[in-house]
Novice: 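This is the structure, below, for whatever I ask next.
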Amino acid sequence: MSDNNTNPEMRSNFIHDIIDEELASGKRTTVATRFPPEPNGYLHIGHAKSICLNFGTALKYGGTCNLRYDDTNPVKEDTEYVDAIEEDVKWLGFQWDKRLWASDYFDQMYEAALELIRKGKAFVCNLSPEEIKEYRGTLTEPGKNSPYRNRSVEENLKLFQDMKDGKYKDGEAVLRAKIDMASPNINMRDPVIYRVSHTPHHNTGDKWCIYPMYDFAHPIEDAIEGITHSICTLEFEDHRPLYDWVLREVGFWPNPPRQIEFARLNITDMLMSKRYLKRMVDEGYVDGWDDPRMPTIAGIRRRGYTPEAIRNFCEEIGVAKANSTVDAAQLEAAVRDDLQNKVPARNVVTDPIKVIITNYPEGRKEMVTVENNRNVPEMGERQVPFGRELWIDGDDFMEVPVKKYFRLFPGNEVRFKGAYFITCNEVVKNDDGTIKELHCTYDPETAGGGVNANRKVKGTIHFVEADSAVKIRIREYGHMMKTDEDGNMEFNDDSVRETWGYAEPSVAEAQPGERFQFFRKGYYIADSKLTTDDEKVFNSIVSLKSSWKK
């Protein structure tokens, strides 16, 4: 059910407490769950929580978890979405027990509908969709019975057969459950359970022109598969009475599944709706479902998030009964925590300033040693070139330093990481007043083993040797959405900013999907689509510093 990196020891939650009680009482002897996506778009990080919960629960109890596509609507299934869903599940570290389709059960659903009709629990209704809505009532007023509600069993069986045989146009007839039009739960007011749709289905072709509604199909699918616990998000809580009613009244399954709801994942400044995410793609706000700004699993994968970070994040936020919103900084902290001990560092400078070390021998080049990850000595060291002409980061020089600025400024000495102590002696400017280059001197006795190597300075900065520098593109990402003054979400036009920089020569070998810490900047990944042998394009993953307080 999972790869070797997935931890089966999930933190206990109220769903697991229910399962523990049922197993202890003997009501259940096994645990079987399912993840039931609709293949009408890419999955987002909210689905990742459901994936981790469903697959992780089955894993914890030694059970099974099916991947079942909800294709009860007679629309052409998009292979792109199916492939993307399966890639996402596998990327998160899980493997389904069976891959199934809701449409596999259309015959059984039809038999279940016939059973309800025979029991006097369902009827064919010829009210128009608008009339059904009008008869339904409101939250404060009960509904009205359909004038077709008291048709006989024989008449309903014939009319339902007519629906199946294509004798009605779309919208001319529906099959409704006969429950209670005065119920305080609107979902129980004789809900539609079958409708006419003369649309070929991707799986069943032209076999059917009637299709079950989701609220009718869902419990039957679960029961047929032997699902023990149907774990749903909180918006299905009001649908649970109908879920239970269908299984009880159809009566085909002596030990039916139990639906349990949990709070869906909401994250600040993140759009959690496939419908609106699809609009972002279709209207060109982003460059696809896997745009690194998108909260889709494909997007965060391309952004550089790791499956371990997502699983850890889902575990940390837990499983709650009430809706709430998680700070996006908490997600970023989980990503940062995962990357800090597994990603090597590289020297990269942006807004570069040329440094000429005037007392360094012309034509001389040497290699100096720096660690790959200061938190993990086992990751070893690497050699970077050092010479007379270097690039430093624009943030590491200030002509008129502010208080407590310990980097390079005229007259100040700093350590060049892994190399020598450097003093800035002169600022050379262009005609327009911008900085052309800095003239500095170095102390040759401050390298490792030198007599002055242990002399203390307050500032340490990194560098890139000029002749061997690799020019790279850098895409800095912010949140795709932002919240306006009225609390409404809107597209953030400043959500991506492209810059460039110089990197140490080893970065020229970076492969798509390879992650690095850009020293003192943040974590970055070579973009999986844009990085080539000739051009390296990096996406920002997350900054080094967290604003999240546990």
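The analysis underlying the following values was restricted to heavy atoms, covering all of them including side chains, and did not include hydrogens, waters or symmetry mates.
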Novice: Between the side chain of Tyr194 and the main-chain N/O of Tyr110, is any donor-acceptor distance below 3.5 Å?
Specialist: yes
Novice: Could you walk me through whether Thr72 and His218 pass the side-chain contact (heavy atoms from CB on, under 4.5 Å) test, one step at a time?
Specialist: CA-CA 9 Å; Thr72 51; His218 183 207; over 6 Å; no
Novice: Is there a side-chain contact between Ile231 and Thr33 in this structure, where contact means two heavy atoms from C-beta onward sitting under 4.5 Å apart?
Specialist: yes
Novice: Can you list every salt bridge (charged side-chain N to carboxylate O under 4.0 Å, His left out) pair that touches residues 260-271, not counting sequence neighbours?
Specialist: Glu235-Arg264, Arg240-Glu261
Novice: Are Asn492 and His479 close enough that a side-chain donor and a side-chain acceptor fall under 3.5 Å?
Specialist: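 Looking only at side-chain atoms, His479 and Asn492 do not form any donor-acceptor pair under 3.5 Å.
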Novice: Parallel, tilted or perpendicular, judged at 30° and 60°: which one describes the rings of Tyr42 and Tyr81?
Specialist: perpendicular
Novice: Can you find a side-chain donor-acceptor pair between Asn185 and Asp238 that sits under 3.5 Å?
Specialist: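 No pair is found: no donor N or O on one side chain lies under 3.5 Å from an acceptor on the other.
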Novice: Could I get the full list of salt bridge (charged side-chain N to carboxylate O under 4.0 Å, His left out) partners for Glu111, not counting sequence neighbours?
Specialist: none
Novice: Mind running side-chain contact (heavy atoms from CB on, under 4.5 Å) on Glu172 and Val196 for me, showing each step along the way?
Specialist: CA-CA 8 Å; Glu172 285 187 341; Val196 175; over 6 Å; no
Novice: Is the centre of the Phe35 ring less than 6.0 Å from the centre of the Phe94 ring?
Specialist: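 Aromatic pair excluded; centres sit 6.0 Å or further apart.
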Novice: Considering all heavy atoms of both residues, which atom of Leu23 and which atom of Thr29 are nearest to each other, and what is their separation?
Specialist: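 Minimum heavy-atom contact is CD2-C, 4.0 Å.
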Novice: Would you say CZ of Arg279 has more than 12 non-hydrogen atoms from neighbouring residues, nucleotides or ligands within 6.0 angstrom?
Specialist: no
Novice: Going through the distances and angles, do Ile210 and Leu175 end up as a side-chain contact (heavy atoms from CB on, under 4.5 Å)?
Specialist: CA-CA 10 Å; Ile210 55 171; Leu175 183 69; over 6 Å; no
Novice: With distance as the sole criterion, is a donor-acceptor pair present between the side chains of Thr79 and Asp83 under 3.5 Å?
Specialist: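 No, no side-chain donor-acceptor contact under 3.5 Å.
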Novice: Where do Ile267 and Thr325 come nearest, in terms of heavy atoms and distance?
Specialist: C-CG2, 3.9 Å
Novice: Testing the basics here: between Phe123 and Ala177, what is the closest heavy-atom pair and its distance to 0.1 Å?
Specialist: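 Where Phe123 meets Ala177 most closely, the heavy atoms are CE2-O, 4.0 Å.
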Novice: For Lys119, what residues pass the side chain to side chain contact (heavy atoms under 4.5 Å, CB included) criterion, not counting sequence neighbours?
Specialist: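 For Lys119, the residues satisfying side chain to side chain contact (heavy atoms under 4.5 Å, CB included) (neighbours in sequence not counted) are Glu115, Lys121.
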Novice: Is any side-chain N of the basic residue among Lys207 and Asp107 closer than 4.0 Å to the acidic one's carboxylate O?
Specialist: yes
Novice: Hey, could you give me each pair passing salt bridge (charged side-chain N to carboxylate O under 4.0 Å, His left out) that has a residue in residues 290-300? Not counting sequence neighbours.
Specialist: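 Matches after skipping sequence neighbours: Asp290-Arg302, Asp290-Lys529, Asp291-Arg293.
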Novice: Should we say atom CZ of Arg248 is surrounded by more than 12 heavy atoms from elsewhere, each under 6.0 Å from it?
Specialist: yes
Novice: Are any non-hydrogen side-chain atoms of Leu53 and Cys314 less than 4.5 angstrom apart?
Specialist: no
Novice: Hey, can you tell me if His16 and Tyr61 have their rings parallel, tilted or perpendicular (30° and 60° cut-offs)?
Specialist: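 It falls in the perpendicular class, over 60°.
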Novice: Can you tell me if Asn66 and Thr64 form a side-chain donor-acceptor pair at under 3.5 Å?
Specialist: no
Novice: Is there a salt bridge (charged side-chain N to carboxylate O under 4.0 Å, His left out) between Lys342 and Glu308 once you walk through the steps?
Specialist: CA-CA 12 Å; Lys342 63 172 61 168; Glu308 296 86 356; 3.8 Å; yes
Novice: Going by salt bridge (charged side-chain N to carboxylate O under 4.0 Å, His left out), name the pairs with one or both residues in residues 173-201, residues two or more places apart or in two chains.
Specialist: Arg149-Asp190
Novice: Judged by modelled atom types alone, do Asn488 and Asp486 share a side-chain donor-acceptor pair under 3.5 Å?
Specialist: no
Novice: Decide yes or no for Ile541 and Val343: does some side-chain heavy atom of the first lie under 4.5 Å from some side-chain heavy atom of the second?
Specialist: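 No, side chains not in contact.
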Novice: Regarding Glu221 and Tyr214, is there a side-chain donor-to-acceptor distance under 3.5 Å anywhere?
Specialist: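 Checked: Glu221/Tyr214 side chains show no N/O donor-acceptor pair below 3.5 Å.
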Novice: For Lys167, does its backbone N or O pair with a side-chain atom of Asp165 as donor and acceptor, under 3.5 Å?
Specialist: no
Novice: So do the side chains of Asn203 and Asp104 get within less than 4.5 Å of each other, counting heavy atoms only?
Specialist: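 SC-SC contact between Asn203 and Asp104 confirmed.
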Novice: Is it the case that the side chain of Ser103 and the backbone of Asp71 share a donor-acceptor pair, with hydrogens and angles ignored and the cut-off at 3.5 Å?
Specialist: no
Novice: Just to verify, what does Thr138 make a side chain to side chain contact (heavy atoms under 4.5 Å, CB included) with, not counting sequence neighbours?
Specialist: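 Residues passing side chain to side chain contact (heavy atoms under 4.5 Å, CB included) with Thr138: Thr140, Glu141.
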Novice: Identify the two heavy atoms, one from Ala263 and one from Ala322, that lie closest to each other, and give their separation to 0.1 Å.
Specialist: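 Closest approach of Ala263 to Ala322, heavy atoms only: CB-O, 3.1 Å.
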Novice: Please evaluate residues Leu242 and Met188 with respect to the criterion side-chain contact (heavy atoms from CB on, under 4.5 Å), reporting the C-alpha separation (whole Å), side-chain torsions for both, the decisive distance (0.1 Å), and the verdict.
Specialist: CA-CA 6 Å; Leu242 179 55; Met188 301 296 282; 3.8 Å; yes
Novice: Using a strict cut-off of less than 4.0 Å between a Lys/Arg side-chain nitrogen and an Asp/Glu carboxylate oxygen, indicate whether Lys274 and Glu38 qualify as a salt bridge.
Specialist: no
Novice: Please test Arg301 against Asp88 for salt bridge (charged side-chain N to carboxylate O under 4.0 Å, His left out), starting from the C-alpha separation and ending with a verdict.
Specialist: CA-CA 9 Å; Arg301 179 166 61 245; Asp88 290 346; 3.0 Å; yes
Novice: Strictly by modelled atom types, are Tyr524 and Glu476 linked by a side-chain donor-acceptor pair under 3.5 Å?
Specialist: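 Short answer, yes.
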Novice: Heavy-atom count around Asp484 CG within 6.0 Å, excluding the residue itself: above 12?
Specialist: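 It does: Asp484 CG has more than 12 such atoms within range.
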Novice: List the steps, then state whether salt bridge (charged side-chain N to carboxylate O under 4.0 Å, His left out) holds for Asp282 with Lys278.
Specialist: CA-CA 6 Å; Asp282 292 344; Lys278 187 175 188 301; 2.7 Å; yes
Novice: If only atom types and distance count, is the side chain of Glu514 paired as donor or acceptor with the main-chain N or O of Gln511 below 3.5 Å?
Specialist: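 Yes.
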Novice: Please lay out, stage by stage, how Arg68 and Asp222 fare under the test salt bridge (charged side-chain N to carboxylate O under 4.0 Å, His left out).
Specialist: CA-CA 10 Å; Arg68 183 212 306 142; Asp222 286 345; 2.6 Å; yes
Novice: Specify the closest pair of heavy atoms between Pro307 and Trp91, including all atoms of both residues, with the distance to one decimal.
Specialist: CB-O, 3.0 Å
Novice: With no hydrogens and no angle check, just 3.5 Å: does a side-chain donor-acceptor pair link Gln340 and Tyr523?
Specialist: no
Novice: Are Leu530 and Glu535 packed together at the side-chain level, in the sense that at least one heavy-atom pair is separated by less than 4.5 angstrom?
Specialist: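 In short, these two side chains do not touch, never coming nearer than 4.5 Å.
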Novice: Under 4.5 Å between any side-chain heavy atoms of Ser197 and Asn73, yes or no?
Specialist: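 Side chain of Ser197 against side chain of Asn73, heavy atoms only: no contact under 4.5 Å found.
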Novice: Say whether Ser230 and Arg34, considering side chains only, have a donor N or O and an acceptor N or O under 3.5 Å apart.
Specialist: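 Yes, side-chain donor-acceptor contact under 3.5 Å.
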Novice: Sub-3.5 Å donor-acceptor pair from the side chain of Arg336 to the main-chain atoms of Ser543, do we have one?
Specialist: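 Answer holds: yes.
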Novice: Can you check whether His201 and Trp101 have ring centres sitting under 6.0 Å from each other?
Specialist: no
Novice: Which atoms form the tightest heavy-atom contact between Ile220 and Leu247, and what is the distance?
Specialist: N-CD2, 4.3 Å
Novice: Can you find a pair of side-chain heavy atoms, one from Asn126 and one from Tyr168, that are under 4.5 Å apart?
Specialist: yes
Novice: Kindly indicate whether a cation-pi arrangement holds for Lys321 with Phe14, taking the cut-offs as under 6.0 Å to the six-membered ring centre and within 45° of the axis.
Specialist: yes
Novice: Below 4.5 Å, heavy atoms only, C-beta onward: do Gln161 and Leu157 meet side chain to side chain?
Specialist: no
Novice: Does Tyr276 OH have over 12 foreign heavy atoms under 6.0 Å away?
Specialist: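 Open: at most 12 neighbouring heavy atoms sit under 6.0 Å from OH of Tyr276.
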